[in-house]
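Here the structure comes first, spelled out in structure tokens, and everything after it is commentary.
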Amino acid sequence: RDLAREAGVALSMVNYHFGSKSGVVCELLDRYFTDIHETLAKALLGTTTVEEKLRAYVLAMVNVARRQPNACRLAISESSMETPDIADYKAAKIGAFREAFSIGRILNMFNMPGFRSEIVGPAVAYATLSNFVLGPVLARIDDEIPGDDAFYDEYIEHISNFVLHGVSGFVVAH
């Protein structure tokens, strides 16, 4: 109803085009994951080193989240998992994303003994997107959350350095 009212259309038009509330959510997820796939594919072209690939990954993920912050929260939140058709759709989209852009594949780390991309991949993705997922909560705590280009340039640098070097390496590097 809120969407229909904000778009200035009758609720029946939303139902006609999307079928249901779940249809709207699936469309939002589809647009978000399509944007991620396209942005990451372009960002990773020409990268060769582990550092270049990781920085390109973080930059691309942040850029998509900045363009679609609500869809980012929707894609990562558990609340949308309560509806079976949304949960199945979301699982399929995340599975396709993981297959195409797993952090293990991006960083060419499959041959590292003990490296488990199914553990590290979600951790890196969540660390990268944590500011967007927690944004509404953080806004209630802090009076002013920066969101300009300078803040996100620093954000990308910090997340990249954290993932590349860990806490101890990050501290030594700075």
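A quick note: this is a predicted structure, and the numbers were derived from the prediction, not measured.
By the 4.5 Å heavy-atom criterion applied to side chains, F132 and I76 are not counted as neighbours. Residues P136 and R73 meet the side-chain proximity criterion, which asks for heavy atoms closer than 4.5 Å. M61 has its side chain within reach of L40: a pair of non-hydrogen atoms, C-beta onward, lies under 4.5 Å apart. Counting heavy atoms from C-beta on, the side chains of Y32 and L74 never come closer than 4.5 Å.
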K93 and D88: CA distance, side-chain angles, deciding distance, salt bridge (Lys or Arg N to Asp or Glu O under 4.0 Å) verdict: CA-CA 9 Å; K93 288 293 183 184; D88 292 343; over 6 Å; no
Steps toward side chain to side chain contact (heavy atoms under 4.5 Å, CB included) verdict (V163, Y57): CA-CA 11 Å; V163 173; Y57 173 87; over 6 Å; no
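Side chain of H165 to backbone of N161: no donor-acceptor contact under 3.5 angstrom is found. A donor-acceptor pair is defined here as one N or O able to donate and one able to accept, closer than 3.5 Å; such a pair exists between the side chain of S130 and the backbone of A127. A donor-acceptor pair is defined here as one N or O able to donate and one able to accept, closer than 3.5 Å; such a pair exists between the side chain of E52 and the backbone of T49. In this structure, the side chain of E27 does not engage the main chain of G23 through any donor-acceptor pair within 3.5 Å. The main-chain N or O of I86 is never found under 3.5 Å from a side-chain atom of T83 such that the two would form a donor-acceptor pair.
The number of heavy-atom neighbours closer than 6.0 Å to CZ of R31, taken from other residues, nucleotides and ligands shown, is 12 or below. Heavy atoms of other residues, nucleotides or ligands lying less than 6.0 angstrom from CZ of R66 number more than 12.
The distance from atom CZ of F151 to atom CG of D153, rounded to the nearest 0.5 Å, is 10.5 Å. Separating the SG atom in C72 from the CG atom in D35 is a distance of 11.0 Å, to the nearest 0.5 Å.
Using a 4.0 Å cut-off between a side-chain N of Lys or Arg and a carboxylate O of Asp or Glu, K42 and E38 do not qualify as a salt bridge. Ion pairing between D85 and K90 fails under the 4.0 Å rule for side-chain N and carboxylate O.
Using modelled atom types and a 3.5 Å distance limit, the side chains of Y152 and N131 yield a donor-acceptor pair. In the model, R55 has no side-chain atom that pairs as donor or acceptor with a side-chain atom of T47 under 3.5 Å.
Closest non-hydrogen pair, T48 versus K53, comes out as O-CE, 3.9 Å. Residues A43 and A56 approach most closely at O-CB, 3.5 Å, considering heavy atoms. Closest approach of T39 and A60 over heavy atoms only: CG2-CB, 3.7 Å.
A perpendicular orientation is assigned to the rings of H37 and F97, their planes being inclined by more than 60° (bins at 30° and 60°).
Tested against V58, the residues N63, T128, L129 include a single side-chain contact (heavy atoms from CB on, under 4.5 Å) partner, T128.
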